[in-house]
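One structure is given here, and the rest of the page talks about it.
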Amino acid sequence: MKKIEAIIRTVKFEAVKTALEREGIESMTVSEVKGRGKQKGITQQWRGAEYVVDMIPKTKIEIVVDDMVAGKVVDLICDVAATGSIGDGKIFVIPVEDAIRVRTREHGPGVL
């Protein structure tokens, strides 16, 4: 199993969620997060004055899937979330040793 953590632009979340649902990926955890990349934020203007926003709001999606589906999920998120501009986000793929359903204590990929 793999855990896919995708940090994407908030405006792209609904499109990514819809695309994942079309592929049968319905279970996910979603968080509103803030962060920055190498550019250390962005410069914006408001009422003629420039200011730096160094922590950009993003949406974090966490999904645990079978190993054979992980690549397809990553490709789908990249395809839908990409704008071609700096700040599109990052995806992390992490091995998952086990998954346990709390109610029944079942183990393994079947609980996904």
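Computed from a predicted model, the values in this text were never measured in an experiment. Reckoned from all heavy atoms, side chains included, excluding hydrogens, waters and symmetry mates.
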Checklist entry - Is Ser31 reaching over with its side chain to a backbone N or O of Val33, donor-acceptor style, under 3.5 angstrom? => result no
Next on the checklist: Tell me whether Asp88 contacts the main-chain N or O of Ala82 through its side chain, where contact means a donor paired with an acceptor under 3.5 Å.
Outcome noted: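 Judged by distance alone, no pair lies under 3.5 Å.
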Checklist entry - Tracing side-chain links under 4.5 Å among I, L, V, M, F, W and Y, which residues wind up in one group with Ile86? => result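 Joined to Ile86, directly or through intermediates: none.
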Item to check | Cluster companions of Val64 among Ile, Leu, Val, Met, Phe, Trp, Tyr (side-chain spacing under 4.5 Å) | outcome: Met1, Val96, Leu112
If you look at every heavy atom in [X] and [Y], which pair is closest and at what distance?
X      : Y      : result
Ile100 : Val111 : N-CG2, 4.2 Å
Ile8   : Ala81  : CG2-CB, 3.9 Å
Thr10  : Glu32  : OG1-OE1, 3.8 Å

Output the distance between atom [atom1] ([X]) and atom [atom2] ([Y]), rounded to the nearest 0.5 Å.
X     : Y     : atom1 : atom2 : answer
Lys12 : Thr83 : NZ    : OG1   : 6.5 Å
Lys90 : Lys58 : NZ    : NZ    : 9.0 Å
Ser27 : Glu21 : OG    : CD    : 10.0 Å
Ile25 : Ile4  : CD1   : CD1   : 8.0 Å
Glu5  : Glu62 : CD    : CD    : 4.5 Å
Phe92 : Lys2  : CZ    : NZ    : 16.0 Å

Checklist entry - Do Val30 and Ile94 share a hydrophobic cluster (ILVMFWY, side-chain heavy atoms under 4.5 Å, transitive)? => result no
Output side-chain donor-acceptor pairs under 3.5 Å for residues 69-80, partner residues at least two apart or in another chain, one line each.
{"from": "Lys72", "atom 1": "NZ", "to": "Glu23", "atom 2": "OE1", "distance (Å)": "3.0"}

